[in-house]
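These numbers come from the heavy atoms of this one structure, side chains and all, not from hydrogens, waters or symmetry mates. This structure is a prediction, so every number in the text was calculated from the model and none was measured. FYI, the numbering just counts along the sequence from 1.
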Amino acid sequence: MSDELLARLRTEVPHSARIWNYWLGGKDNFEADRRLGEQILGLVPRLVASARADRAFLGRAVRHLAMHEGVHQFLDIGTGIPTGDHTHEVAQRVVPEARIVYVDNDPMVLTHARALLRSTPEGRTDYVDADLHDPDAILREAWRTLDPARPVAVMLLSILNFVLDDGEAAGIVRRLLAAVASGSYLVVSHPTGEVDGAEMAEAVALWNRNGSAPMVLRSQARLAALCTGLDLVEPGVVSCSRWRPELDEDQPPPPPVPHYAAVGRKP
């Protein structure tokens, strides 16, 4: 790892991607991440289930779009640390020629970029070191791999919560969607305080005092507002554990987790 990446890494400051990796059973995390991760779980034990449900939602959404909606291009912003069944793995199992661009600005993710670039021979993957707050830079780099004339799934999983202002978050979503073709999709997930409300508020306050970047919780209505102008895929904005779960007929719906999800189509 270069000196520049080491300077950006800051292992003494907890980072959300590394805590997420810890909760998912990964090994790409440090003592500061594990310590704060355990403190947060002490407040909201359900967050391990929430992290797993978010990853499972990613798989179901990508599979649905690739298999049933003819989407063969994915722009995954806020990629996170590879933990298995990443976007390209899911998409290219269904459509080997699928193209995926990953975007993140976390140096730990950058060090794992090669793992994200193991495309099928028919498809293609790329990695962009960029920040969500600069969507124009993301798009400029993404078009080296993706075809702007064909539908793209813009994926914003557990990332808009780090854009504190609703207006700015909506502006980022609008800019990204304005650049993609009709028939493209937004795939989004976001933590909420409408499940385990008091505990989640306390956990976020703890994170904001100690973590690498402040975050915000949003309600179902506020997340739906970020999807304005899109045709939401059923069942709309729901707990990510309840977005099209793969259940046997006699199984009850899974319990909600403090994380909403939605998939919307650009007309």
Note: G37 and W23 closest approach over all heavy atoms is O-NE1, 3.4 Å
Side chain to side chain contact (heavy atoms under 4.5 Å, CB included), that's the test. Do D76 and V103 meet it? Break it down for me. CA-CA 6 Å; D76 187 343; V103 181; over 6 Å; no
Any side-chain heavy atom of Q39 sitting closer than 4.5 Å to one from L206? yes
Between the side chains of N105 and D131, does any donor sit under 3.5 Å from an acceptor? yes
Could you check whether any side-chain N or O of N21 sits under 3.5 Å from a backbone N or O of I81, counting only pairs where one atom can act as donor and the other as acceptor? no
Is there a side-chain contact between P258 and P191 in this structure, where contact means two heavy atoms from C-beta onward sitting under 4.5 Å apart? no
Check: G80 main-chain N/O paired with D104 side-chain donor or acceptor under 3.5 Å: yes
Can you say whether the rings of H86 and Y102 are parallel (under 30°), tilted (30 to 60°) or perpendicular (over 60°)? tilted
Would you name the heavy atoms of P252 and L247 that are closest together and state the gap between them? O-CD1, 3.6 Å
Do D85 and R93 sit within salt-bridge range, that is, some charged N less than 4.0 Å from a carboxylate O? yes
Does V128 belong to the same Ile/Leu/Val/Met/Phe/Trp/Tyr cluster as L156, with side-chain heavy atoms less than 4.5 Å apart forming each link? yes
When hydrophobic residues are tied together by side-chain contacts of less than 4.5 Å, even through go-betweens, does V101 share a cluster with W143? yes
Are V216 and R218 side-chain neighbours, meaning at least one heavy-atom pair lies under 4.5 Å? yes
Of all heavy-atom pairs linking D106 and A17, the shortest is OD2-CB, 3.7 Å
Could you state the interatomic distance from CG (D54) to CH2 (W243), rounded to the nearest 0.5 Å? 13.0 Å
Counting neighbours of CZ on R265 that are heavy atoms of other residues, nucleotides or ligands and sit closer than 6.0 Å, is the number greater than 12? yes
Using a 4.5 Å cut-off on heavy atoms from C-beta on, say whether the side chain of R242 contacts that of P256. yes
Please identify which of these residues, V152, T125, L146, meets the side-chain contact (heavy atoms from CB on, under 4.5 Å) condition with R99. L146
Under 4.0 Å between a side-chain nitrogen and a carboxylate oxygen: does that hold for E31 and R35? yes
Side chains of V257 and V195: does their closest heavy-atom pair fall under 4.5 Å? no
Taking T120's backbone N and O only, do any of them form a donor-acceptor pair with Q92's side chain (distance below 3.5 Å, no angle check)? yes
V90 to G59 - nearest heavy-atom pair and separation: CG1-O, 3.6 Å
With a 4.5 Å heavy-atom cut-off, do E246 and R63 have their side chains touching? yes
Between E194 and R222, does at least one N-O distance fall below 4.0 Å, as a salt bridge requires? no
Straight-line distance of R174 CZ to L226 CG, nearest 0.5 Å: 9.5 Å
Spell out, yes or no, whether L47 and Y22 are grouped together once hydrophobic residues are joined by side-chain heavy atoms under 4.5 Å, including indirect joins. yes
Full working for side chain to side chain contact (heavy atoms under 4.5 Å, CB included) between V154 and V187: CA-CA 6 Å; V154 177; V187 181; over 6 Å; no
Donor-acceptor check, side chain of E12 to backbone of A32, threshold 3.5 angstrom: yes or no? no
Are R175 and D136 within salt-bridge range, i.e. N to O under 4.0 Å? yes
Heavy atoms of N29 and R18 approach each other most closely as CB-O, 3.5 Å
Side chain to side chain contact (heavy atoms under 4.5 Å, CB included) between F57 and R244: does it pass, once the steps are laid out? CA-CA 8 Å; F57 161 69; R244 301 193 171 207; over 6 Å; no
Apply side chain to side chain contact (heavy atoms under 4.5 Å, CB included) to residues E168 and H133 and explain how you reach the verdict. CA-CA 9 Å; E168 183 183 4; H133 291 87; 2.8 Å; yes
In Å and rounded to the nearest 0.5 Å, what is the CG to NZ distance from L177 to K266? 6.5 Å
Closest non-hydrogen atom pair between C240 and R60, with its separation: O-NH2, 2.9 Å
Value for OG (S119) from CG (D126), rounded to nearest 0.5 Å, stands at 10.5 Å
Just how far is it from atom CG of N161 to atom NE2 of H190, taken to the nearest 0.5 Å? 4.5 Å
Residue that, paired with V263, satisfies side-chain contact (heavy atoms from CB on, under 4.5 Å) out of L65, L186, V237: L65
Are Y185 and V180 linked, directly or through intermediate hydrophobic residues, by side-chain heavy-atom contacts shorter than 4.5 Å (ILVMFWY only)? no
Does the side chain of H72 come under 3.5 Å of the side chain of E97 through a donor N or O and an acceptor N or O? no
What distance do F74 atom CZ and H88 atom NE2 have between them, rounded to the nearest 0.5 Å? 12.5 Å
Any side-chain heavy-atom pair from L75 and I138 closer than 4.5 angstrom? yes
Grouping I, L, V, M, F, W and Y whenever their side-chain heavy atoms are under 4.5 Å apart, do V233 and M67 come out in a common cluster? no
Check whether S241 reaches the backbone of P255 with its side chain - one donor and one acceptor, N or O, closer than 3.5 Å. yes
Are the side chains of M155 and V62 in touch, meaning some heavy atoms are under 4.5 Å apart? yes
Over 12 foreign heavy atoms within 6.0 Å of CD, E202: no
Output yes when a side-chain donor or acceptor of Q73 lies under 3.5 Å from a complementary backbone atom of P151, and no otherwise. yes
Using 30° and 60° as the class boundaries, would you call the ring planes of W207 and F162 parallel, tilted or perpendicular? perpendicular
